[in-house]
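Have a look at the structure below, then the notes.
No hydrogens, no waters, no symmetry mates; every other heavy atom, side chains included, goes into these values.
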Amino acid sequence: MSVSLDGYVTGPNDSRQNPFGDGAQDLHAWLRPTASDDDRAVLEGTIGSVGAIVMGRRSFEKNEGDGGWGDAGPMGDVPVYVLTHNPPARAYPKVFTFVSEGVADAVQDARRAAGDKNVHLFGATVMQQALPLGLVDELHLHVMPVLLGGGTPLFGSLDSAIALERVGAVPTPFATHLRYRVLR
């Protein structure tokens, strides 16, 4: 997950028309064609490891369809489990499954679909729900050299401390790619 140095995954006023929020246009600069070879290697490793995705409804609505991912999910045909209180009435591409039973059920379904690959969490709310439940094994953070000063905090509503062990760090001109194992 790309995050600003001050811990935000979007800037203020994020919306479908402004998906990254004010001042956050460079939050994903490490994904651009101008990124370094090390950035591309991190991206390729991530893409190759993803077997399923769990995301929140707001992230889904900001990015699905025309002007977003088109008829696919954020990683093409990788299955996506969308957490929602109200499953949509209209049909969406088959890559999306809507889950209203909660984050634990969504992660369980995603793990089955992922097989021997990883389940990636997409969105701050999903992370804030899954971490305290012990559903997160590792955090992969792409820390961007920007201070947003507001927006959507990645870890803003955790109820208690969670111990981590750093297992990887790759600094590049565009980002510092960090991997942490969650200690239990």
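Within a 6.0 Å sphere centred on CZ of R184, heavy atoms belonging to other residues, nucleotides or ligands number more than 12.
With rounding to the nearest 0.5 Å, the separation of CG in N118 from NE2 in H120 is 5.0 Å. Taking CD of E165 as the start and CG of L139 as the end, the distance is 12.5 Å to the nearest 0.5 Å. We find the CZ-NE2 distance between R179 and H140 to be 5.0 Å, quoted to the nearest 0.5 Å.
Under the 4.5 Å side-chain criterion, counting only non-hydrogen atoms from C-beta, V82 is not in contact with V99. Here the side chains of H142 and V3 are not in contact, with every heavy-atom distance at 4.5 Å or above. Side-chain atoms of L141 and L154, non-hydrogen and from C-beta on, do get closer than 4.5 Å to each other. With a 4.5 Å cut-off on side-chain heavy atoms, L164 and R181 do not count as touching. W30 places a side-chain heavy atom less than 4.5 Å from the side chain of L43.
With hydrogens and angles ignored, the 3.5 Å screen pairs a side-chain donor or acceptor of D6 with a backbone N or O of L148. When atom types are taken as modelled, the side chain of Q128 and the backbone of P153 share a donor-acceptor pair closer than 3.5 angstrom. Under the 3.5 Å distance criterion, the side-chain polar atoms of K117 are left unmatched by any main-chain donor or acceptor of S49. Between the side chain of E101 and the backbone N or O of A106, no donor-acceptor pair lies under 3.5 Å. With hydrogens and angles disregarded, a donor-acceptor distance shorter than 3.5 Å links the side chain of R16 to the backbone of E64. When atom types are taken as modelled, the side chain of T10 and the backbone of T152 share a donor-acceptor pair closer than 3.5 angstrom. Judged by distance alone, the side chain of R57 and the main-chain N or O of N86 form a donor-acceptor pair under 3.5 Å.
Closest approach of G51 and P79 over heavy atoms only: O-CD, 3.4 Å. F122 approaches P74 most closely through the heavy-atom pair CE1-CB, 4.3 Å. The two atoms that bring G11 and A24 nearest to each other are N-CB, 3.7 Å, heavy atoms only.
Between the side chains of D39 and H177, at least one donor-acceptor pair of N or O atoms lies under 3.5 Å. Side-chain contact annotation: D38 with T172, donor-acceptor N/O pair under 3.5 Å absent.
Ring pair H28/F20 is tilted by interplanar angle, where 30° to 60° counts as tilted. A perpendicular orientation is assigned to the rings of F60 and F98, their planes being inclined by more than 60° (bins at 30° and 60°).
Both L178 and M127 are members of a single hydrophobic cluster when ILVMFWY side chains are connected at heavy-atom separations under 4.5 Å. Cluster membership for V42 and I47, using ILVMFWY side-chain heavy atoms within less than 4.5 angstrom, is shared.
For the side-chain contact (heavy atoms from CB on, under 4.5 Å) with V182, the qualifying choice from L135, D137, L131 is L131, the only one to do so.
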**OP:** Could you walk me through whether M55 and L121 pass side-chain contact (heavy atoms from CB on, under 4.5 Å), step by step?
**Re:** CA-CA 6 Å; M55 73 169 49; L121 304 182; over 6 Å; no
